[in-house]
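What's counted below: heavy atoms across the whole structure, side chains too, no hydrogens, waters or symmetry copies.
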Amino acid sequence: MEKKELSIYSFTETGSGLAAELYAGLQSAGYTCRAYALGRFAQKRGLLGLAPDWKETLGKSWGKEGLIFIGAAGIAVRAIAPYVKDKFSDPPVVVLDEKGRFAIPLLSGHVGGGVELAGLLQELIGAEAVITTATDVQQKFAVDVFAVRNGLLLSGREEAKNISACILEGKKTGIFSEFPMEGAVPKELTVCASRSGLDACSGKIVVCQRFPQKKESGVLYLFPKNVYVGMGCRRGVEKESLVRELDRVLSENGLLRKQVRAVGSIDLKKDEAGLIGLAEELGAAFRTFSAEELEAAGAVSAPSEFVRQVTGVDNVCERAARLLCPEGLMLQKKVKLDRCTAALVCGQLTLRFERKEGRAE
């Protein structure tokens, strides 16, 4: 499960006891938790009290944290109903009965990690994970689970639904990947040596680094989130300018914004508002390095004595990109843009198929 922040809601005395137990277990498992209960139970268990407007507060943080409700499923459904959008943006939502016998993922079971969270609750308190998604019930390959576990992004919702439908209906589904694959390939998939091999398949999956110039109808593209951006810029450059210039570089390389995992620069820019805002806009990490660290990154394509005099190193962007992903491949060498420079490195990838408890993923 990607979201490591959780909020736990309980409404009875028994439920608050379970909430306190879960809070401790999930904190130990590496999650950041908040556990809420009605006032009189919260004080007794050392939990946060439920404010009168707790549902509105839940809505304001929608999609930013996973949710666990301890109590009747109807309470959870009524609380989250105004905010539900789709499985690609909804957070994982799991309901537990107050005795902790059953854990039921209500939302975002695969993409958000609801099924995984229910499995974790099973490990922590012995609650039986009640899984209702069709691919899980029939123990079939689930493309969204495969994507999440391999750090891949789905190109479209309808195409993903079509793949699941083909799998469940027993139609031939092919996969072509630019990246090596390991593990036992699920029986529902046919591995194709080329894209043309997908022509004979009803379901078509292509795993590739770059977005195609011409998107083929009916094909689900999976893209890795493995792009690392090194940037140098003049002091005070606006975020909007950096976003615009980086968008151009990404587009010229056939890459999508959401594939960017991190942005890097030199320590001199650690407080640069434009770079910080750029990383936030991309939903990417922001990291800076000292001149000494950058210098040790190896040879560069375009050293600059002027840049060295200003920063202490001859090339910031290429070196920063390499340090962000030392084992990666340089996709774009230093390119001069409007008041900034950029370089792109992509991380290497090996796809893995896993089988857990009889499920083919």
Legend entry - Aromatic plane relationship, Phe69 with Phe11 - under 30° parallel, 30 to 60° tilted, over 60° perpendicular: parallel

Inset, instruction - Kindly assign one of parallel, tilted or perpendicular to the pair Tyr36 and Tyr9, based on the angle between their ring planes and the thresholds 30° and 60°. - result: parallel

Inset, instruction - Kindly give the heavy-atom pair with the smallest separation between Asn162 and Gly218, and that separation in Å. - result: ND2-O, 4.4 Å

Inset, instruction - State which residues pass side chain to side chain contact (heavy atoms under 4.5 Å, CB included) with Cys33; sequence neighbours excluded, sorted by chain then number. - result: Leu6, Tyr23, Leu26, Gln27, Tyr31

Legend entry - side chain to side chain contact (heavy atoms under 4.5 Å, CB included) partners of Ser301, counting only residues at least two apart: Glu318, Lys333, Lys334

Inset, instruction - Could you pull out all residues at least two apart from Ala103 that satisfy side chain to side chain contact (heavy atoms under 4.5 Å, CB included)? - result: Val94, Leu96, Ala118, Leu121, Ala127

Inset, instruction - Show your working on salt bridge (Lys or Arg N to Asp or Glu O under 4.0 Å) between Glu280 and Lys239 and close with a plain yes or no. - result: CA-CA 10 Å; Glu280 291 175 350; Lys239 177 197 77 172; over 6 Å; no

Legend entry - Distance (rounded to the nearest 0.5 Å) between Leu278 CG and Glu272 CD: 11.0 Å

Less than 3.5 Å apart, which donor and acceptor atoms pair up between the side chains of residues 283-292 and the rest of the protein, not counting sequence neighbours?
unit_1 : atom_1 : unit_2 : atom_2 : d
Thr288 : OG1    : Asp267 : OD1    : 2.9
Ser290 : OG     : Glu293 : N      : 3.1
Ser290 : OG     : Glu293 : OE1    : 3.3

Legend entry - side-chain contact (heavy atoms from CB on, under 4.5 Å) between Gln209 and Val227, intermediate numbers included: CA-CA 9 Å; Gln209 181 66 58; Val227 176; 3.9 Å; yes

Pairs under 3.5 angstrom only: tabulate donor-acceptor contacts from the side chains of residues 38-58 to other protein residues two or more places apart or in another chain.
unit_1 : atom_1 : unit_2 : atom_2 : d
Lys44  : NZ     : Glu13  : OE2    : 2.5
Thr57  : OG1    : Asp53  : O      : 3.3

Inset, instruction - Report yes if some heavy atom in the side chain of Arg101 is under 4.5 Å from a heavy atom in the side chain of Glu128; otherwise report no. - result: no

Legend entry - All side chain to side chain contact (heavy atoms under 4.5 Å, CB included) counterparts of Val249, not counting sequence neighbours: Asn253, Gln332, Val335, Leu337, Leu344

